[in-house]
Amino acid sequence: MTVTLADVAARAQVSPATVSRVLNGNYPVAAATRERVLKAVTELDYVLNGPASALAAATSDLVGILVNDIADPFFGIMASAIQSEIGGAQGRAGGERLAVVCNTGGSPERELTYLTLLQRQRAAAVVVTGGAVEDGPHAAAIAAKLRKLTDAGTRVVLCGRPPAEDTGAVALAFDNRGGARQLTGHLIGLGHRRLGYIAGPEERTTTRHRLEGHRQALTAAGLEDDPALTVHGRYDRRSGYEATLELLRRAPDLTAVVAANDSVALGACAALRESGLRIPEDVSVAGFDDLPFSVDAVPALTTVRLPLSKAGARAGRIATGREEPPPGGIATVRGELMVRGSTAVPRG
């Protein structure tokens with residue numbers, strides 16, 4: 001059953017005119033009243049109506065792009081590629097589509113809020129980038145929101161995120177397990193047996209999948225998965241620095257550090273150098289993603305190259321209807337091992 005303006009007014013105990021003023025923002029309304037109206041809108045999941053109104057027409061060419069952190073090259077590269085594919089005269093009456101980048105800051109609540117706002121604005125498409133938060137209630141809320149978006153005709157594409165079943169969303173999922181398995185397997189093949197692993201935040205799917213791939217490589221080689229050799233942290237340089245110092249404290253004999261991503265790997269390199277260790281002569285270091293700075297690091301980082309730009313561009317084309325979705329609505333995007341100077345055969 002469709003929720004109407006009158007339903008919102010009844011829930012908030014105000015007149016329909018007051019609800020309209022709050023939503024349009026064109027008339028002063030008391031703060032307490034405004035809060036009550038917005039709460040009712042959220043509780044009822046009200047979507048602005050008016051198929052013939054100027055508002056509906058003005059927002060029909062909107063494309064939302066959700067990222068964790070636009071300052072992170074991982075997300076910036078994808079967002080740029082997505083936006084490059086949705087520009088041009090593809091909107092209503094040959095007009096431009098408007099791309100809106102929504103920076104969640106890694107907050108599950110902000111992610112859900114942005115999806116709700118895009119639903120209310122009748123977005124033509126939504127692209128959600130990066131891994132998902134592994135929390136049951138949040139995952140259910142996100143799935144319900146994605147389902148409402150697709151049911152309303154919004155194209156939804158998940159880029160670098162696992163599939164969301166029964167939502168109608170297309171998924172271009174990164175093979176994080178396979179890439180991590182290949183990366184750790186390379187180090188084991190060089191002769192490393194004491195490998196420290198710096199993982200990302202524990203609640204993220206990307207973290208779990210990359211850690212699972214690392215552990216699969218250890219198991220395949222008959223090596224013990226020592227919990228003391230895994231440290232969790234954020235996906236940034238500082239986390240890599242701090243985690244590496246902790247790994248050295250726990251296991252001074254380690255010969256390699258595998259990092260959750262390239263930014264973390266740079267922090268690991270700094271910590272190793274400050275500890276008087278050479279890379280790769282004393283300790284090898286490997287990253288993940290192959291971000292632009294990786295090849296310019298000294299020594300250049302061994303890493304797994306994810307085709308971030310290509311994946312983003314494809315997501316943009318699917319979101320705008322310029323490319324058909326993959327069979328079954330799911331495609332696996334595989335990475336490529338890039339062997340560079342930061343890894344070598346261990347001493348002794």
Side-chain angles (χ1 to χ4, degrees), residues 45-51 53-70 74-104 110-132 139 141-174 307-331 333:
D45 203 16
Y46 174 66
V47 178
L48 294 174
N49 199 6
S53 71
L55 179 62
T59 57
S60 60
D61 291 328
L62 181 71
V63 177
I65 305 171
L66 271 66
V67 301
N68 277 11
D69 181 3
I70 194 61
F74 178 89
F75 295 100
I77 291 169
M78 283 193 287
S80 177
I82 294 165
Q83 187 166 0
S84 71
E85 292 291 337
I86 66 176
Q90 304 168 34
R92 289 161 54 94
E96 292 270 354
R97 293 189 185 275
L98 174 64
V100 176
V101 178
C102 306
N103 198 84
T104 69
R110 293 304 300 166
E111 182 178 62
L112 192 57
T113 296
Y114 279 130
L115 289 175
T116 300
L117 292 172
L118 290 166
Q119 179 194 7
R120 291 176 188 166
Q121 295 297 317
R122 299 180 178 275
V126 174
V127 182
V128 186
T129 65
I142 289 292
K145 187 60 62 178
L146 296 180
R147 195 174 301 113
K148 288 184 178 181
L149 282 162
T150 57
D151 286 348
T154 297
R155 292 190 182 95
V156 178
V157 183
L158 310 178
C159 186
R161 174 174 292 218
E165 296 181 2
D166 301 321
T167 63
V170 174
L172 306 179
F174 293 150
L308 300 174
S309 185
K310 287 184 179 180
R314 186 181 184 188
R317 292 193 297 272
I318 294 172
T320 53
R322 295 172 51 225
E323 180 176 324
E324 288 296 315
I330 301 172
V333 180

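None of these values were measured; they are calculated from a predicted model.
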*Asks:* If only atom types and distance count, is the side chain of T154 paired as donor or acceptor with the main-chain N or O of T150 below 3.5 Å?
*Replies:* no
*Asks:* Nearest 0.5 Å, please: how far is CZ in F75 from SG in C159?
*Replies:*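 One gets 10.0 Å once the value is rounded to the nearest 0.5 Å.
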*Asks:* Is there a side-chain contact between V170 and L158, using heavy atoms and a 4.5 Å cut-off?
*Replies:* no
*Asks:* Is a donor on one side and an acceptor on the other found under 3.5 Å between the side chain of N103 and the backbone of I70?
*Replies:*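 The answer is yes, because a donor-acceptor pair under 3.5 Å joins these two groups.
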*Asks:* Quick one: CG on D69 to OG1 on T104, what's the gap to the nearest 0.5 Å?
*Replies:* 8.5 Å
*Asks:* Just so I know, are the side chains of F174 and L308 near enough to count as touching, which here means a heavy-atom distance under 4.5 Å?
*Replies:* yes
*Asks:* Pick one: which of I82, I318, T320, I65 meets side-chain contact (heavy atoms from CB on, under 4.5 Å) with V157?
*Replies:*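 That would be I318; it is the only one of I82, I318, T320, I65 passing the side-chain contact (heavy atoms from CB on, under 4.5 Å) with V157.
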*Asks:* Distance-only, no hydrogens or angles: does the R97 side chain make a donor-acceptor pair with backbone N or O of I86 under 3.5 Å?
*Replies:* no
*Asks:* Minimum heavy-atom separation for A81 and S309, please, with both atom names.
*Replies:*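 Closest heavy-atom pair between A81 and S309: CB-O, 3.2 Å.
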*Asks:* Tell me which pairs pass salt bridge (charged side-chain N to carboxylate O under 4.0 Å, His left out) where either residue lies in residues 142-159, with sequence neighbours left out.
*Replies:*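 For residues 142-159, and leaving out neighbouring residues, the salt bridge (charged side-chain N to carboxylate O under 4.0 Å, His left out) pairs sorted by first residue read D45-K145, D45-K148.
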*Asks:* Can you measure from CG (L115) to CD (Q119) and round to the nearest 0.5 angstrom?
*Replies:*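 Nearest 0.5 Å value for the CG-CD distance: 9.0 Å.
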*Asks:* Please confirm whether the backbone N or O of L112 pairs with a side-chain atom of T116, one donor and one acceptor, at under 3.5 Å?
*Replies:* yes
*Asks:* So which heavy atom on L149 is nearest to which on L118, and how close?
*Replies:* CD2-C, 4.5 Å
*Asks:* Has R317 got a side-chain atom pairing as donor or acceptor with R322's backbone, closer than 3.5 angstrom?
*Replies:* no
*Asks:* For a 4.5 angstrom cut-off between non-hydrogen side-chain atoms, does R122 reach L62?
*Replies:* no
*Asks:* Quick one, K310 with E85, criterion salt bridge (charged side-chain N to carboxylate O under 4.0 Å, His left out). Give me CA distance, side-chain angles, the key distance, then yes/no.
*Replies:* CA-CA 11 Å; K310 287 184 179 180; E85 292 291 337; over 6 Å; no
*Asks:* Which atoms form the tightest heavy-atom contact between A315 and L172, and what is the distance?
*Replies:* N-CD1, 3.7 Å
*Asks:* Just so I know, are the side chains of P326 and R314 near enough to count as touching, which here means a heavy-atom distance under 4.5 Å?
*Replies:*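 When only atoms from C-beta onward are counted, R314 and P326 do touch, with a gap below 4.5 Å.
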*Asks:* Kindly indicate whether the side chain of E111, heavy atoms from C-beta on, has any atom under 4.5 Å from the side chain of V128.
*Replies:* yes
*Asks:* Does any non-hydrogen side-chain atom of V100 lie less than 4.5 Å from one of L98?
*Replies:*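 The answer is yes; the side chains approach within 4.5 Å.
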*Asks:* Keeping the roles fixed (side chain from T167, backbone from L146), state whether a donor-acceptor pair exists under 3.5 Å.
*Replies:* no
